[in-house]
**Student:** 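I have a structure I would like to understand better, so I am pasting it below and will then ask my questions one at a time.
Sequential numbering from 1 along the given sequence is applied to the chain's residues. What you see is a predicted model, and the numbers here were worked out from it, not measured in a lab.
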Amino acid sequence: IDYRLHHGQGIDCILLAGDIAYANADHEVWDSWMDMMSDYDFFKMIPVQIAIGNHDIDYDSTTLEIGLAYENRFRMPQVQPAIRSLAPNDLFHHGDKKQVKDFLPYQYGNAFYSFTFGPSKHIVLSSYSFFLPGSVQYEWLLSELKSTDRSITPWLIVMLHCPIYTTFDHHHDEIFITEARIHLEPIFVEYVVNFVISGHIHSYMRTVPTANSTAHPRGPIYIIQGNGGRQANEPFMNEVPEEWVKVRDHSMYGYGTLELFNITHAKWRWVKTG
């Protein structure tokens, strides 16, 4: 089977929830990733929407300007051009791998934006730009949620790199996750977001509709689709799945497909590739 053709069949739009090339500021790695993707015809023909991950953030060591590669290599449906302040000297902390230390002075551009695709409204957020109440991103998100006409786009989908719910042990106590649970989850529930798609964790998880760590019909379905590339082996936080977990797996590579049929029925399918 030529997977370059097979896996593109029937796909109308591709969502990548961050950590795209693992370039870590190495532009040759970005070039290699772009060259590799050019071998896949469906990446040339199908819209690809991206969210910024921690491994997509770089800065010029001389000017300290943030996000040069991420802004200049992709063309997303921007609200307005990016506003990027200079990176602090301690932008990253180093453990077993590079992690972003704090929220970034990075607004608009490819950081956060929205688009409509058929019957669905998509809101793409930056886990690493300020998103607390009163911030530019938070106020923009509220305006997007309030202005969404569910009679035209009944499906409402949010994508951001860091998950709000996770059954896995790694990253679960990061500020980008804990603060999102406090400040973003309530408005996702209030405006009846259908799906929240994330990456960051190198495994797969899908919840039931969830609000406040409990199954709830108005809550979103939270999806971690982080097992598509580098590895798929994150340890579970608890041996027994949490009550809001529908499916979880840390042994297989794969990706997900989402089919929207009408305002009452959607089908998410997890495709295992290894």
Side-chain angles (χ1 to χ4, degrees), residues 3 5-20 37 40 42-43 45-53 76-77 112-125 127 141 144-145 148-167 184-185 188-189 191-211 215-229 232 244-249 252-274:
Y3 286 102
L5 299 176
H6 172 71
H7 288 294
Q9 292 179 353
I11 302 297
D12 298 310
C13 181
I14 296 171
L15 305 177
L16 298 180
D19 285 355
I20 297 165
M37 289 299 103
Y40 292 80
F42 60 85
F43 271 91
M45 301 180 291
I46 302 173
V48 178
Q49 308 296 338
I50 59 175
I52 192 166
M76 297 295 104
F112 52 86
Y113 59 92
S114 68
F115 64 98
T116 297
F117 196 83
S120 55
K121 171 69 175 287
H122 295 249
I123 298 176
V124 179
L125 301 177
S127 290
L141 170 61
E144 288 293 305
L145 292 171
T148 299
D149 187 341
R150 301 301 282 269
S151 68
I152 298 174
T153 52
W155 297 98
L156 184 53
I157 300 170
V158 171
M159 181 169 68
L160 72 171
H161 184 61
C162 294
I164 290 179
Y165 282 90
T166 176
T167 188
L184 299 184
E185 182 188 13
F188 290 166
V189 174
Y191 289 94
V192 198
V193 171
N194 299 110
F195 297 95
V196 177
I197 300 173
S198 302
H200 201 41
I201 314 294
H202 297 172
S203 293
Y204 174 75
M205 183 201 77
R206 186 173 78 250
T207 72
V208 299
T210 298
H216 192 289
R218 286 180 61 90
I221 291 174
Y222 292 90
I223 296 165
I224 297 175
Q225 189 69 70
N227 60 337
W244 33 265
V245 172
K246 178 71 172 179
V247 183
R248 67 180 190 175
D249 185 273
M252 302 290 290
Y253 290 93
Y255 59 90
T257 63
L258 175 63
E259 297 179 64
L260 304 178
F261 296 99
N262 51 49
I263 61 173
T264 60
H265 182 49
K267 177 182 178 182
W268 179 276
R269 186 168 67 99
W270 180 33
V271 181
K272 298 180 182 181
T273 60

**Student:** On a heavy-atom basis, which atom in Y204 and which in Q225 lie closest, and how many Å separate them?
**Tutor:** CE1-OE1, 3.3 Å
**Student:** Between OH of Y253 and NE2 of H202, what distance do you get to the nearest 0.5 Å?
**Tutor:** 10.0 Å
**Student:** Would you name the heavy atoms of T210 and E185 that are closest together and state the gap between them?
**Tutor:** O-OE2, 4.2 Å
**Student:** State the NE2-CG distance between H265 and L260, to the nearest 0.5 angstrom.
**Tutor:** 10.0 Å
**Student:** Heavy-atom distance under 4.5 Å between the side chains of R206 and I221, does that happen here?
**Tutor:** yes
**Student:** I need the I14 CD1 to I50 CD1 distance, nearest 0.5 Å.
**Tutor:** 12.5 Å
**Student:** Given side chains that start at C-beta, do those of P119 and P154 come closer than 4.5 Å, heavy atoms only?
**Tutor:** yes
**Student:** Does the side chain of I201 reach to within under 4.5 Å of the side chain of P163, using non-hydrogen atoms?
**Tutor:** yes
**Student:** Let's go through E259 and R269 carefully: what are the C-alpha distance in whole Å and the side-chain angles of both, what is the deciding distance for salt bridge (charged side-chain N to carboxylate O under 4.0 Å, His left out) to 0.1 Å, and is it a yes or a no?
**Tutor:** CA-CA 8 Å; E259 297 179 64; R269 186 168 67 99; 5.2 Å; no
**Student:** Do R248 and S203 touch side chain to side chain, with heavy atoms closer than 4.5 Å?
**Tutor:** no
**Student:** Check N227 against M252 and note the closest heavy-atom contact, atom names and distance.
**Tutor:** ND2-O, 2.8 Å
**Student:** L141 versus F188: any side-chain heavy-atom pair under 4.5 Å?
**Tutor:** yes
**Student:** Return the minimal non-hydrogen interatomic distance between S198 and C162, and the atom names on each side.
**Tutor:** OG-O, 3.5 Å
**Student:** Between L15 and M159, what is the shortest heavy-atom contact and its length?
**Tutor:** CB-SD, 3.7 Å
**Student:** Please report the C-alpha distance between W244 and M205 in whole Å, then the side-chain angles of each, then the deciding distance to 0.1 Å, and finally whether the side chain to side chain contact (heavy atoms under 4.5 Å, CB included) criterion is met.
**Tutor:** CA-CA 10 Å; W244 33 265; M205 183 201 77; 3.9 Å; yes
**Student:** Can you say whether the rings of Y165 and Y222 are parallel (under 30°), tilted (30 to 60°) or perpendicular (over 60°)?
**Tutor:** tilted
**Student:** Could you go step by step and tell me if W268 and V247 meet the side chain to side chain contact (heavy atoms under 4.5 Å, CB included) rule?
**Tutor:** CA-CA 12 Å; W268 179 276; V247 183; over 6 Å; no
**Student:** Which of these, T148, T116, T153, sits in a side-chain hydrogen bond (donor to acceptor under 3.5 Å, both in side chains) with K121?
**Tutor:** T148
**Student:** Is the shortest side-chain heavy-atom distance between L156 and L145 below 4.5 Å?
**Tutor:** yes
**Student:** Once you round to the nearest 0.5 Å, how far does CD1 of I46 lie from CD1 of I11?
**Tutor:** 6.5 Å
**Student:** Answer whether the closest heavy-atom distance between the side chains of M76 and F115 falls below 4.5 Å.
**Tutor:** no
**Student:** Please find the pair of heavy atoms, one from G219 and one from V189, that lie closest to each other, and give the distance.
**Tutor:** CA-CG2, 4.5 Å
**Student:** How many angstroms lie between CD1 in I157 and OG in S120, if you round to the nearest 0.5 Å?
**Tutor:** 4.5 Å
**Student:** Is there a side-chain contact between L160 and L184 in this structure, where contact means two heavy atoms from C-beta onward sitting under 4.5 Å apart?
**Tutor:** yes
**Student:** Using 0.5 Å steps for rounding, measure from the CD1 atom of I52 to the CG atom of D19.
**Tutor:** 9.5 Å
